[in-house]
Every structure is written in C-alpha cells, then in structure tokens.
Participant: 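Take a look at this one; I'll ask things after.
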Amino acid sequence: MARPQTDLDAGRERLVDLAIALIEERGSSAMTIAEIAARANMSPASLYRYFDSKEALIEAVAERWFQPKVDIMEEVVSSDLPPRRKMFEFFARRFALMKAEWEADPVAFSTYIEIGRENFDLIRSYVDLGDHYLAEIIGEAMADGYFAGLSVDEALSLINQMVSVYANISAMEQVMHRLTTDKLARIIDAVFDGLSATDRGAKAVSGLRAA
C-alpha cells in the first residue's frame, strides 16, 4: 500500500509537476524559482518551504524522470534470467522507454539532456547506480565463465563503451533513428561471445604498410 501523502509531500509533487510543465513548454532556462512560484500562485519564499533551493527542485525533477528507468534496472537485475539475456533486457527496456519519450516529444527530450549536462553533479548518482547494477550482471556472467581475464571494472568500462548509444542519452539522441533493439541484441551477443583479456592479434600490429 502506498504511503499516505502529507501536505508537504503533495505540495512538493505539485511543484515538480509545474516545473516539468514549464521546462517542456519553454526550455530549461525558464525554470526559475520565481516563475514556478508564480505558476503555483505562491511567493518564492513560500516555495522554499517545499524546496530549499533551485538545485533541490532540479533533483526532484531528475528523480521523477529517472525513476521509471531505475525501476526497470531493479526489475531486470532481480530476475532469474541468464546473464546474457539479463544484460540485453537491462539496456533494451530502458532504451525502448527513452525512444518512446523521444518520439513523443523530441524537443522535451533534448531539454532534459541539456538540464542533465548543466547539473551533472545532481544526477551523477543515477549514472553510478546504473554502473552498480551492470557490475552485478557482469559478476554473474563471470561466474558462468564469461569475460575471462578481465576484472569487473575492466569489463564494465569496455561494455559501457560498446553500448554507449543505447544508454548515454546525449549520444543516443544523435543517432536515435538508427538504433534498434535488434542491433542491440547483436552487440550483446558479440560482448558475450568475444569479450575477454585475450590478445587475438589486433594490438600485435606494430605499424602500417602500403599494399
């Protein structure tokens, strides 16, 4: 059963709703305490009863935006899927959600990216949480014999680079129309079938010669 909302909780939720509406209508620069307070028919001083700074309000907006993605990660990580399928679902379900958000309103999607860039320190915890959950999947895969010779951190770094456009919203936006879950599945298969510390010849080349 959901926890009953207090008046303070309800007020905070209403202000987050207003902030999101303002951002999506007019962009991130419109999100000022004075503007949001005006929309809420209250003074800026009264708004500070709910959020003690603009940064705290931005954090609440970020929490609203990220929560469905966090729910997906937690559901996938706690599932009994095998590691290969679990890693695919970990990325694919969040990508599908974000692509739907982009298709519904590409301008708003770009605005959230802009806010994230401007306030990265406030959203860093969500990036770290994604790495934490991905590391859990990597650990399960290693227990099954995958990623031989690599540490969890090494595998995490490599996999993040290989699937960046399916997880990093800034990179994703640039090529969204070319991304599909079928392509993602092939990438994940390549990760599981080939990623290891073994040198298979690529870095053994000492120089280039003309044909």
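All values below were derived from every heavy atom in this structure, side-chain atoms included, with hydrogens, water molecules and symmetry-related copies excluded. Residues take their numbers from the sequence shown, with the count starting at 1. As the structure is a computational prediction, the values presented were derived from the model and not from experiment.
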Participant: Are Y112 and E101 linked by a side-chain donor-acceptor pair shorter than 3.5 Å?
Facilitator: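 No pair is found: no donor N or O on one side chain lies under 3.5 Å from an acceptor on the other.
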Participant: Rounded to the nearest 0.5 Å, how far does CZ of F91 lie from OH of Y166?
Facilitator: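 It is 11.5 Å, given to the nearest 0.5 Å.
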Participant: Mind running salt bridge (Lys or Arg N to Asp or Glu O under 4.0 Å) on D80 and K86 for me, showing each step along the way?
Facilitator: CA-CA 8 Å; D80 59 1; K86 187 176 286 192; over 6 Å; no
Participant: Check step by step if side chain to side chain contact (heavy atoms under 4.5 Å, CB included) holds for I159 and M87.
Facilitator: CA-CA 10 Å; I159 292 167; M87 188 177 292; 3.9 Å; yes
Participant: Do L184 and L179 pass the side chain to side chain contact (heavy atoms under 4.5 Å, CB included) test, and can you show the C-alpha distance, the side-chain angles, and the key distance before you say yes or no?
Facilitator: CA-CA 8 Å; L184 174 62; L179 302 178; over 6 Å; no
Participant: Verify side chain to side chain contact (heavy atoms under 4.5 Å, CB included) between I36 and T32, making sure each step is shown before the conclusion.
Facilitator: CA-CA 6 Å; I36 296 167; T32 65; 6.0 Å; no
Participant: If every non-hydrogen atom of I113 is compared with every non-hydrogen atom of S170, which pair is closest and at what distance?
Facilitator: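 In terms of heavy atoms, the two residues are closest at CG2-OG, 3.4 Å.
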Participant: Evaluate D121 against R124 for salt bridge (Lys or Arg N to Asp or Glu O under 4.0 Å), listing each step before the verdict.
Facilitator: CA-CA 5 Å; D121 286 345; R124 183 188 298 272; 3.3 Å; yes
Participant: Let me see the working for R39 and E25 under salt bridge (Lys or Arg N to Asp or Glu O under 4.0 Å), right down to the final yes or no.
Facilitator: CA-CA 13 Å; R39 288 203 170 196; E25 286 172 21; 2.8 Å; yes
Participant: Would you mind reporting whether F51 and E59 have side-chain heavy atoms less than 4.5 Å apart?
Facilitator: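 Side-chain contact under 4.5 Å: no.
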Participant: How many angstroms lie between CG in L156 and NE2 in H132, if you round to the nearest 0.5 Å?
Facilitator: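 Going from CG on L156 over to NE2 on H132, the span is 11.5 Å.
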Participant: Measure the CH2-CD distance between W102 and E173 for me, rounded to the nearest 0.5 Å.
Facilitator: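 The distance works out to 8.5 Å.
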Participant: Looking only at heavy atoms, which two atoms of E35 and L22 are closest? And how far apart?
Facilitator: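 Shortest heavy-atom contact: CG-CD2, 3.3 Å.
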Participant: Can you tell if the side chain of M98 reaches within under 4.5 Å of the side chain of K69, non-hydrogen atoms only?
Facilitator: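 Yes, side chains in contact.
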Participant: Is there a side-chain hydrogen bond (donor to acceptor under 3.5 Å, both in side chains) between D9 and T6 once you walk through the steps?
Facilitator: CA-CA 5 Å; D9 292 333; T6 65; 3.2 Å; yes
Participant: Of the non-hydrogen atoms in E24 and A108, which two are nearest, and what is the gap between them?
Facilitator: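 Heavy atoms only, the tightest pair is CG-CB, 3.9 Å.
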Participant: Given the rule in the salt bridge (Lys or Arg N to Asp or Glu O under 4.0 Å) test, do D71 and R94 qualify, once you have shown the distances and angles that lead to the verdict?
Facilitator: CA-CA 10 Å; D71 291 343; R94 284 182 297 152; over 6 Å; no
Participant: Measure across T181 and F95 and return the closest heavy-atom pair with its distance rounded to 0.1 Å.
Facilitator: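 Looking at all heavy atoms of both residues, the shortest contact is CG2-CD2, 3.9 Å.
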Participant: Side chains of D128 and S125: donor-acceptor distance under 3.5 Å anywhere?
Facilitator: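 D128 vs S125: no donor-acceptor pair found between side chains.
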Participant: For Y50 and R12, which heavy atoms make the closest approach, and how far apart are they?
Facilitator: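 That would be O-NH1, 2.7 Å.
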Participant: Where do A155 and M142 come nearest, in terms of heavy atoms and distance?
Facilitator: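 Looking at all heavy atoms of both residues, the shortest contact is CB-CE, 4.0 Å.
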Participant: Other residues, nucleotides and ligands only: do more than 12 of their heavy atoms fall within 6.0 Å of CZ on R200?
Facilitator: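 More than 12 heavy atoms, drawn from other residues, nucleotides or ligands, come within 6.0 Å of this atom.
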